[in-house]
2 protein chains.
Amino acid sequence: MSEKLDRRKKYTRKVLKEGLITLLAQKPISDITVKEICELADINRSTFYTHYNDHYDLLSKIEEEITEDMNEYLNSYNYPAEEESIQMTRKILEYVIENKFMFQTLLKKDAAPTFEKRMMELTRGFMMNNWRGDNHLGKAEVNYLSTFVISGAIHVIKDWIAHDMDQSPKEMALMINNFINYGFSYLE
Amino acid sequence: MSEKLDRRKKYTRKVLKEGLITLLAQKPISDITVKEICELADINRSTFYTHYNDHYDLLSKIEEEITEDMNEYLNSYNYPAEEESIQMTRKILEYVIENKFMFQTLLKKDAAPTFEKRMMELTRGFMMNNWRGDNHLGKAEVNYLSTFVISGAIHVIKDWIAHDMDQSPKEMALMINNFINYGFSYLE
DNA sequence: AACTGTTTGTTGAAAATCCAACACGGTGTC
DNA sequence: GACACCGTGTTGGATTTTCAACAAACAGTT
């Protein structure tokens with residue numbers, strides 16, 4: 001599954017990714033050139049093309065990596081003495097805080113529009129698996145509702161990021177959870 | 001004179017140097033192994049040997065680089081409205097401050113004993129060239145005196161570093177200069 | 001429309017690095 | 001002393017990156 005990477009490959013991809021992230025903090029992906037990324041990363045441009053098709057490809061690989069990593073984190077340790085539904089939300093927020101800069105640039109308006117979509121899907125999948133299992137309703141309806149609810153939650157998170165994460169993850173998790181709960185109460 | 005370095009060489013040498021400096025901040029050069037440096041720098045050990053003979057060699061290259069760089073700096077721009085003899089000392093201190101961490105580790109006791117010697121020579125050469133030219137005395141005596149004076153000055157700088165550079169470079173330059181002047185007044 | 005400058009994607013050969021393996025010397029342990 | 005362990009320096013072949021060059025697409029200027 002995961003190819004063996006020798007040191008050089010690892011390094012090359014690392015600095016190219018860092019380079020793109022840096023540039024994404026300044027301008028949207030469409031204004032960024034491959035040449036620019038390579039100069040910043042101090043990597044020969046021809047090397048770039050042995051790893052990625054273009055800078056959009058590189059961006060999607062970055063996003064892929066983050067979502068994979070986040071997914072792993074979400075499925076890891078749980079705080080034992082906390083209500084299950086709050087835990088989930090809290091862990092998501094913690095992960096966001098850990099990768100503050102990354103999320104700030106990738107969720108920024110127009111910087112990388114696809115990232116938000118990925119986050120939606122990941123978060124939704126996770127929630128669908130872990131939310132209290134008492135949904136005896138039609139799958140379709142539940143799915144649509146979760147889209148509705150999670151879209152709202154994600155945008156609250158974006159707001160939170162925009163306000164430089166003033167509230168603690170725990171605090172925010174409680175609040176967002178109330179929103180989500182209220183949304184799901186539609187089913188009852 | 002200076003060979004052309006392709007990106008890879010530059011990078012390799014850069015991280016190896018950084019690695020050694022990091023380790024030197026923790027223990028003396030004699031306790032450091034080549035293997036250790038390579039692991040920290042994430043560079044294959046065989047590559048190390050294509051650049052340096054051993055870690056002492058690497059250290060000397062580092063020192064060489066610093067002294068060259070410092071020499072260049074010392075011969076650069078002068079503050080126009082300041083007395084010549086103070087300027088010199090001040091520039092030296094400024095350079096030290098710019099490379100604070102480097103000097104702190106390299107001048108640390110037992111970390112790298114040769115560095116001090118290099119600094120002595122460099123500083124002395126610079127002073128001999130720039131000090132007021134009214135020395136109609138025998139070269140030999142002036143040389144010995146300068147050794148005496150500069151050795152004192154360097155150890156004052158070491159003290160200054162050890163005290164985390166509380167005083168400003170300008171302040172220190174004035175003070176050290178007074179010491180030096182007093183030393184040279186021996187000749188009069 | 002011709003011109004200028006810039007980015008793109010691709011190529012081939014040179015250069016550098018990686019990796020695994022080796023024999024060797026030192027150091028400490030039983 | 002025999003033993004295991006670890007760092008050393010070196011080698012050869014595989015892999016990767018670099019560099020310089022190229023034709024092509026594109027944008028902006030006059």
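Lettering of chains follows the sequences in order, A, B, ..., and the numbering in each one begins at 1.
Across E94(A) and P169(A), no two heavy atoms sit closer than the pair CG-CB, 4.2 Å. Among all heavy-atom pairs drawn from I32(A) and H55(A), the shortest one is O-NE2, 3.0 Å. Shown here for S76(B) and K91(B), the closest heavy-atom pair between the two residues is O-NZ, 2.9 Å. Minimum heavy-atom separation, G19(B) to L40(B): O-CD2, 3.6 Å. Taking all atoms of both residues into account, the shortest heavy-atom contact from S30(B) to Y56(B) is CA-OH, 3.5 Å.
Taking side-chain N and O atoms only, H51(A) has no distance below 4.0 Å to OP1 or OP2 of dT16(D). Note on T12(A): a side-chain N or O is less than 4.0 Å away from OP1 or OP2 of dT17(D). Dashed line: the shortest gap from a side-chain N or O of T33(B) to OP1 or OP2 of dG7(D) is not under 4.0 Å. In this structure, Y49(B) does not reach the dT10(D) phosphate: none of its side-chain N or O atoms is under 4.0 Å from OP1 or OP2.
Counting non-hydrogen atoms of other residues, nucleotides and ligands closer than 6.0 Å to CD of E64(B) gives a total above 12. The environment of CD in Q26(A) is crowded: more than 12 heavy-atom neighbours from other residues, nucleotides or ligands sit within 6.0 Å.
Between N44(A) atom CG and dT16(D) atom C1' there is a gap of 12 Å when expressed in whole angstrom units. Put simply, CZ on F48(A) is 18 Å from P on dT16(D), counting in whole angstrom units. For the pair K10(A) NZ and dT17(D) P, the interatomic distance rounds to 13 Å; values are reported in whole Å. Going from atom CD of E39(B) over to atom P of dT8(D) covers 10 Å, rounded to whole Å. The interatomic distance linking K9(B) (NZ) with dT17(D) (P) rounds to 18 Å, in whole Å. Protein atom CG of D6(A) is 7 Å distant from nucleotide atom P of dT17(D), rounded to whole Å. If you measure from atom CZ of R45(B) to atom C1' of dT11(D), you get 12 Å, rounded to the nearest angstrom. Put simply, CD1 on I43(B) is 13 Å from C1' on dT17(D), counting in whole angstrom units.
Ranked by how close their nearest DNA chain C nucleotide is to the 5' end, D54(A) and R7(A) are led by D54(A). Nearer to the 5' terminus of DNA chain D, by closest-nucleotide assignment, is the contact made by K35(B) (compared with the other of K35(B) and S46(B)).
Ion pairing between E65(B) and K61(B) fails under the 4.0 Å rule for side-chain N and carboxylate O.
Using a 4.0 Å cutoff to heavy atoms of chain B, the contacted part of DNA chain C runs 5' to 3' from dA15(C) to dC19(C).
Taking 3.5 Å as the limit, the base of dT17(D) and the side chain of R8(B) contain a donor-acceptor pair of atoms between them.
The aromatic rings of Y73(A) and Y95(A) are tilted relative to each other, their planes meeting at an angle between 30° and 60°.
Of the residues in residues 16-23 of chain A, not one places a heavy atom less than 4.0 Å from an atom of DNA chain D.
Panel note: side chain D6(A), backbone K9(A); a donor-acceptor pair is recorded below 3.5 Å.
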